[in-house]
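These notes are about the structure you will find just below.
Here, residue 1 is the first one in the sequence, and each next residue gets the next number. Remember, predicted model here, so these are calculated numbers, not experimental data.
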Amino acid sequence: MNKLFLIPLLFVFCLSSGQQTDTDYKKRVLEAGELEMLFSYYSQDGQNAAVSGGEGTEELTDATSSLVLKLPLNDDDVLTVDVGVSAYTSASSSNVNPFDGGGLANPFSASSGASKSDVLAYFNPSYTHSSDDRNKVWSAKAYVSNEYDYFSIGFGGSYAYLFNEKNTEVSISVQAFLDGWNPQYPVELRGGFEGNIVGYNPSFNRFDKEGRNSYSASLNISQILSKRLQGSLSIDIVTQNGLLSTPFQRVYFGDVDDFFIEDFQLADDVERLPENRLKLPIGARLNYFANDLLVLRSYYRLYFDDWGITAHTFNLEAPIKLNDTFTLYPTYRYYTQTAADYFYAKEVAQSTFEYYTSDFDLSEYSANQYGFGVQYKDIFTKTKLLLFGLKTVDLRFSYYNRSNGLNASIITLGTTFIID
């Protein structure tokens, strides 16, 4: 073969080899394992407890701890395991049996019995795979949780496609939850009270179905509109069937005589709601990068369902970057909704109605939530804890106030570590 011919051929081969090497290189989806430790403490108070028919203390505290472990299995795949425990004490749920405490039974006081507290534990693993060009991402996940009167198992998946030089992303996701109740009815409806109180004979029947299934599908479209502006639109469809009523929430009728033991009114029935529900939330996000120090993040959601509720949510967050280490997070959220068709205040519903509830979560109300947070970020993970390098620390506080008297506060602390 002519040697002069070999020179350009060798050049082409070397160029091709170099190009192939560059093409083969790809950045890992997750460079190193991460461990997130999350803790939150929630406290609320109000005077419209559904357990006692829309009147009574809503005092509740909840402490939640969770661990989220993210492990890169290779360049493209990430395994995430989220486990947690939530322990709460509730004055209202303690009144499922208001007579098992040491004091006088009263809807505005908590019983000291066993029903005042509970623990929820959950396990939520997920698996994510990204294509070589990082334009396609799919995931699969599962979920299991358990508490005293409720068990839930779920599964789902998602698929995202990025195009237009990654300026546009379209994603879809589906999930299903198959839940089962261990119904805990108000103590006076479990039998034995009727013969002890003259005239008290509630027309109460236990629920035939004790399962609840929920299915949802979501579509999200995200678009980079300019160097400073990014927006997204999401549409969800959620359908539920089965036992959608809460078995221990009392209802008092306006056409039935009142019966008391001590200062506690005995139930006429429990909440009765349809066995099917369709929810349709539509949300939009718009983020504006004002400069290196300030980002404006806005969110609006329109929600409506076939129970008669229409709701509007507006959320605004304005992260302020003080330096490479600290960022402040002031937030505000406004929410308003109409009442469900089946909501009635205490002693307004009639015994002839098919459906009724006195749960003020389904009433008409508006709410404001104010929040503030601070994030510490260690770019080079200089701080070490055993084999872990500290990446971020997030501390946030929010105060929530409803027009119907419910108020709540929550404080959350989150830390992220890099696994060296």
Report the residue from [options] that forms a side chain to side chain donor-acceptor pair (under 3.5 Å) with [X].
| X | options | result |
| --- | --- | --- |
| S158 | S218, S171, S173, S139 | S139 |
| D179 | S145, S152, S214 | S152 |
| Q265 | E188, K346, R250 | K346 |

Atom pair [atom1]/[atom2] of [X] and [Y] - distance to nearest 0.5 Å:
| X | Y | atom1 | atom2 | answer |
| --- | --- | --- | --- | --- |
| Y334 | L316 | OH | CG | 15.5 Å |
| S130 | D77 | OG | CG | 7.5 Å |
| T64 | I410 | OG1 | CD1 | 7.5 Å |
| E347 | S358 | CD | OG | 9.5 Å |
| L67 | L38 | CG | CG | 8.0 Å |
| I172 | I235 | CD1 | CD1 | 13.0 Å |

Given 3.5 Å as the limit, does a donor-acceptor pair link the side chain of [X] with the main chain of [Y], or not?
| X | Y | value |
| --- | --- | --- |
| D306 | L278 | yes |
| N95 | S109 | yes |
| E271 | T246 | yes |
| E169 | A160 | no |
| S403 | S366 | yes |
| S90 | S93 | yes |
| R212 | L243 | yes |
| Q337 | S363 | yes |
| N124 | A142 | yes |
| Q44 | E58 | yes |

CA sep, side-chain torsions, deciding dist, call: N241, E275, side-chain hydrogen bond (donor to acceptor under 3.5 Å, both in side chains) | CA-CA 5 Å; N241 61 74; E275 295 182 350; over 6 Å; no
Non-hydrogen atoms of [X] and [Y] that approach each other most closely:
| X | Y | answer |
| --- | --- | --- |
| L266 | F99 | CD2-CZ, 4.0 Å |
| Y252 | S52 | CE1-O, 3.4 Å |
| P186 | V270 | CD-CG1, 3.6 Å |
| R277 | L362 | NH2-CD2, 4.3 Å |
| I224 | S226 | CG2-O, 3.3 Å |

How are the rings of [X] and [Y] set to each other: parallel, tilted or perpendicular (split at 30° and 60°)?
| X | Y | answer |
| --- | --- | --- |
| F207 | Y185 | parallel |
| Y355 | Y342 | perpendicular |
| F353 | Y344 | tilted |

For D236, enumerate each residue passing the salt bridge (charged side-chain N to carboxylate O under 4.0 Å, His left out) test, keeping only those at least two apart in sequence or located in another chain.
->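 For D236, no residue satisfies salt bridge (charged side-chain N to carboxylate O under 4.0 Å, His left out) once neighbours in sequence are set aside.
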Please tell me if the side chains of [X] and [Y] come closer than 4.5 Å, counting only heavy atoms from C-beta onward.
| X | Y | value |
| --- | --- | --- |
| P72 | E31 | no |
| V374 | F397 | no |
| L413 | Y41 | no |
| T80 | S126 | yes |
| D341 | W307 | no |
| L71 | V81 | no |
| T325 | Y376 | yes |
| F388 | M37 | no |

Quick one: do the [X] and [Y] side chains pair a donor with an acceptor below 3.5 Å?
| X | Y | answer |
| --- | --- | --- |
| D76 | H129 | no |
| T392 | T416 | yes |
| D269 | Y356 | yes |
| Q223 | T168 | yes |
| N368 | Y332 | yes |

Can you give the donor-acceptor pairs under 3.5 Å from side chains of residues 289-301 to other protein atoms, not counting sequence neighbours?
{"from": "N291", "atom 1": "OD1", "to": "L293", "atom 2": "N", "distance (Å)": "2.8"}
{"from": "N291", "atom 1": "OD1", "to": "L294", "atom 2": "N", "distance (Å)": "2.9"}
{"from": "R297", "atom 1": "NH1", "to": "E317", "atom 2": "OE2", "distance (Å)": "2.9"}
{"from": "S298", "atom 1": "OG", "to": "L286", "atom 2": "O", "distance (Å)": "2.8"}
{"from": "Y300", "atom 1": "OH", "to": "H312", "atom 2": "ND1", "distance (Å)": "2.7"}

Does atom [atom1] ([X]) have a neighbourhood of more than 12 heavy atoms from anything else shown, all under 6.0 Å?
| X | atom1 | result |
| --- | --- | --- |
| E262 | CD | yes |
| D208 | CG | no |
| I237 | CD1 | no |
| K136 | NZ | yes |

Where do V170 and F163 land on the side-chain contact (heavy atoms from CB on, under 4.5 Å) test, with the steps shown first?
-> CA-CA 9 Å; V170 177; F163 58 98; 3.9 Å; yes
NZ/NE/NH1/NH2 to OD/OE distance under 4.0 Å, R134 and D75 |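 Salt bridge absent between R134 and D75.
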[X] and [Y]: aromatic ring centres closer than 6.0 Å?
| X | Y | result |
| --- | --- | --- |
| Y161 | W138 | no |
| F177 | Y143 | yes |
| Y365 | Y335 | yes |

Could you list the residues that satisfy side-chain contact (heavy atoms from CB on, under 4.5 Å) with E59, not counting sequence neighbours?
->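 side-chain contact (heavy atoms from CB on, under 4.5 Å) check on E59 returns D45, T57, A91.
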Yes or no on side-chain contact (heavy atoms from CB on, under 4.5 Å) for D118 and L120, after CA distance, side-chain angles and deciding distance?
-> CA-CA 7 Å; D118 198 3; L120 178 147; over 6 Å; no
Does the pair L60 and Y42 meet the rule for a side-chain contact (heavy atoms from CB on, under 4.5 Å), with working shown?
-> CA-CA 8 Å; L60 179 147; Y42 173 85; 3.8 Å; yes
Evaluate the side-chain contact (heavy atoms from CB on, under 4.5 Å) criterion for residues L406 and N48: first the C-alpha distance (whole Å), next the side-chain angles of each, then the deciding distance (0.1 Å), finally the verdict.
-> CA-CA 8 Å; L406 178 70; N48 299 118; over 6 Å; no
